[in-house]
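Data first, discussion second: the structure below is written as structure tokens.
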Amino acid sequence: MTSVIARTTTSVLHHHIKHCWSATRIGVSKQFANIRQTALPLPSKSIRVSTCPFGTKYSVMGKPKVVFVLGPPGSGKGTQCEKIVKEFGYTHLSAGDLLREERNREGSEFGALIEDNIKNGRIVPVEITCALLENAMNKTIQATGNDRFLIDGFPRNEDNLQGWTSKMADKVEQQFVLFFECSEQQCTERCLKRGESSGRSDDNAESLKKRFNTYINDTVAIIKHYEELQLVKKIDASASPDAVFEHVKTIFGEQK
Ligand SMILES: Nc1ncnc2c1ncn2[C@@H]1O[C@H](COP(=O)(O)OP(=O)(O)OP(=O)(O)O)[C@@H](O)[C@H]1O
Ligand SMILES: Nc1ccn([C@H]2C[C@H](O)[C@@H](COP(=O)(O)O)O2)c(=O)n1
């Protein structure tokens with residue numbers, strides 16, 4: 001697994017959620033409104049500095065570059081991202097991996113909520129996902145200087161899109177959106193096979209049906225939104241991993 005997983009402490013995540021999300025944002029889910037009522041510790045000065053490096057880095061290195069990677073569950077997003085990392089030097093941030101890590105982190109207040117959403121194929125409130133992504137980006141930039149990111153599996157619905165747009169869009173350069181197209185049948189077969197060894201609680205027939213419904217009902221509209229902005233690079237993901245990567249390479253090769 002090549003994705004960079006941010007070691008996000010509760011206080012850092014809380015700090016992000018409390019201070020980086022405006023109370024005026026519309027569409028905050030009822031579920032999340034409950035979380036926000038729990039006591040959030042005030043940030044220490046060091047957290048304030050360590051979580052907001054983008055502003056100080058703009059003048060030196062420009063905005064971080066972001067490619068969103070979308071497609072149905074099992075279309076091969078993670079597989080292709082690993083290859084892109086090796087060949088083109090991006091950092092791979094999987095929203096699903098970050099959420100699973102936060103779910104597994106001892107003491108996480110969000111663990112149960114994340115697991116409930118994952119198992120039922122629903123999308124976790126953006127406040128959590130975007131805070132995890134922003135932390136991971138900050139940590140990567142600080143640790144490696146690499147400011148090119150593949151953000152895999154995000155934005156997945158209107159809530160994700162709105163949250164990202166209001167908090168992050170101005171801080172990054174959106175390069176394009178990679179869209180892996182693949183049939184439900186083929187993707188389901190791949191995920192069921194992966195489920196034999198992945199240990200994922202959602203690689204089973206029941207969860208997959210729900211994940212596909214979410215993809216069709218919520219994510220397709222997000223891909224259409226980016227198509228209207230002419231940002232989508234569509235790839236037939238039904239071929240072998242190497243054949244798919246041949247197409248992917250032509251797209252990244254065209255970038256400056
Ligand atoms: N082109 C391909 N042909 C056949 N199998 C593939 C292909 N690409 C990936 N796979 C396999 O399919 C499974 C799903 O791939 P992968 O995890 O890359 O998909 P994903 O889109 O990231 O899935 P998810 O969104 O569910 O995390 C894995 O077991 C992977 O090895
Ligand atoms: N933006 C996201 C991405 C993922 N999740 C949750 C719900 C997904 O079914 C699950 C697994 O994601 P995957 O690894 O298949 O990309 O993670 C989410 O809520 N929001």
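Remember, predicted model here, so these are calculated numbers, not experimental data. First listed ligand is number 1; within each ligand, the first listed atom is number 1.
Side-chain contact between Ser75 and Cys187 is present, with at least one heavy-atom pair separated by less than 4.5 Å. Put simply, the side chain of Asn104 does not reach to within 4.5 Å of the side chain of Glu101, judged on heavy atoms. Within the 4.5 Å cutoff, no side-chain heavy atoms of Thr129 are placed close to those of Trp164.
Taking both residues in full, the closest heavy atoms of Tyr215 and Pro73 are given as CB-CD, 4.3 Å, listed atom of the first, atom of the second, then distance. Residues Val69 and Cys81 come closest through the heavy atom pair CG2-SG, 3.8 Å. Nearest heavy-atom pair across Arg100 and Asp97 is NH2-OD1, 2.8 Å. Annotation for Leu132 and Leu98: closest pair CD1-O, 3.8 Å, computed over non-hydrogen atoms.
Looking at ligand 2, you'll find an N or O of Gly153 within less than 3.5 Å of one of its N or O atoms. Annotation: Asp97 places no N or O atom under 3.5 Å from an N or O atom of ligand 2; distance criterion only. By the 3.5 Å distance cut-off applied to N or O atoms, Asp152 is not counted among the residues near ligand 1.
Looking at atom 1 (N) of ligand 1, its nearest protein heavy atom turns out to be Ala239 O, 2.8 Å. Closest to atom 19 (O) of ligand 2 among all protein heavy atoms lies Val124 N, 2.7 Å. Of all protein heavy atoms, the one closest to atom 15 (O) of ligand 2 is Arg200 NH2, 3.0 Å. Of the protein's non-hydrogen atoms, Gly76 N, 3.2 Å is the one closest to atom 19 (O) of ligand 1. The protein heavy atom nearest to atom 20 (P) of ligand 1 is Lys77 N, 3.5 Å. Looking only at protein heavy atoms, the nearest one to atom 14 (O) of ligand 2 is Arg100 NH2, 3.0 Å. Looking only at protein heavy atoms, the nearest one to atom 17 (O) of ligand 1 is Arg194 NH1, 2.7 Å. In terms of protein heavy atoms, atom 30 (C) of ligand 1 is closest to Thr79 OG1, 3.7 Å. For atom 23 (O) of ligand 1, the nearest non-hydrogen atom of the protein is Gly74 N, 3.1 Å. Closest to atom 20 (N) of ligand 2 among all protein heavy atoms lies Ile123 CG2, 3.5 Å. The protein atom (non-hydrogen) at minimum distance from atom 27 (O) of ligand 1 is Arg200 NH1, 3.1 Å. Nearest non-hydrogen protein atom to atom 12 (O) of ligand 2 is Arg156 NH2, 3.2 Å. For atom 18 (C) of ligand 2, the nearest protein heavy atom (residue, atom name, distance) is Leu99 CD1, 3.3 Å. Looking only at heavy atoms of the protein, atom 3 (N) of ligand 1 is closest to Arg190 NH2, 3.3 Å. Ile118 CG1, 3.9 Å is the protein heavy atom nearest to atom 10 (C) of ligand 2.
Not close to ligand 2: Lys77, with no non-hydrogen atom less than 4.0 angstrom away. At least one heavy atom of Ser75 sits closer than 4.0 Å to an atom of ligand 1. Under the 4.0 angstrom criterion for non-hydrogen atoms, Lys193 is not in contact with ligand 1. Using a 4.0 Å heavy-atom cutoff, Ser240 is listed among the residues neighbouring ligand 1. Heavy-atom separations between Asp202 and ligand 2 include at least one value shorter than 4.0 Å.
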Exercise for the section: Check step by step if ring-ring contact (aromatic ring centres under 6.0 Å, His included) holds for Phe245 and Phe252. Expected result: CA-CA 10 Å; Phe245 191 57; Phe252 281 87; 8.3 Å; no
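Salt-bridge check for Glu246 with Lys249: passed, with a basic side-chain N closer than 4.0 Å to an acidic carboxylate O. Ionic pairing of Arg211 and Asp203 is present here: one or more N-O contacts between side-chain nitrogen and carboxylate oxygen are shorter than 4.0 angstrom. The pair Lys63-Asp170 does not count as a salt bridge, with every side-chain nitrogen at least 4.0 angstrom from each carboxylate oxygen.
Checking each of Glu115, Arg105, Glu102, Glu127 against Phe110 for a side chain to side chain contact (heavy atoms under 4.5 Å, CB included) leaves exactly one that passes, namely Glu102.
Under a 4.0 Å criterion applied to the non-hydrogen atoms of Arg211, ligand 1 contributes the atoms 24 (P), 26 (O). If you number the atoms of ligand 1 from 1 as listed, the ones under 4.0 Å from a heavy atom of Gly78 come out as 18 (O), 20 (P), 22 (O). Atoms of ligand 1 lying under 4.0 Å from at least one heavy atom of Pro241, given by number and element, are 1 (N), 2 (C), 3 (N), 7 (C). Interface of Pro73 with ligand 1, defined as ligand atoms under 4.0 Å from a residue heavy atom, comprises 25 (O), 26 (O). Ligand-side atoms of ligand 2 in range of Phe154: 1 (N), range being under 4.0 angstrom from any heavy atom. Under a 4.0 Å criterion applied to the non-hydrogen atoms of Arg122, ligand 2 contributes the atoms 7 (C), 19 (O). Numbered from 1 in the order shown, with element, the atoms of ligand 2 that lie under 4.0 Å from a heavy atom of Ala95 read 1 (N), 3 (C).
Defined by atom type and a distance below 3.5 Å, a donor-acceptor pair is missing between the side-chain atoms of Ser240 and Asp242. In this model, a donor atom of one side chain and an acceptor atom of the other lie less than 3.5 Å apart for His92 and Asp152.
Connection of Ile216 to Leu70 is established within a shared hydrophobic cluster, with ILVMFWY side chains joined at heavy-atom distances below 4.5 Å, either directly or through further cluster members. If you chain together hydrophobic residues whose side chains sit under 4.5 Å apart, Leu208 and Phe180 never meet in one group.
The backbone N or O of Pro125 lies less than 3.5 Å from no partner atom in the side chain of Asp159, so there is not a single donor-acceptor pair. With hydrogens and angles ignored, the 3.5 Å screen pairs a side-chain donor or acceptor of Gln80 with a backbone N or O of Pro241.
Only the side chain of Asn160 comes within 4.0 Å of ligand 2, counting heavy atoms alone; its backbone N, CA, C and O stay farther away.
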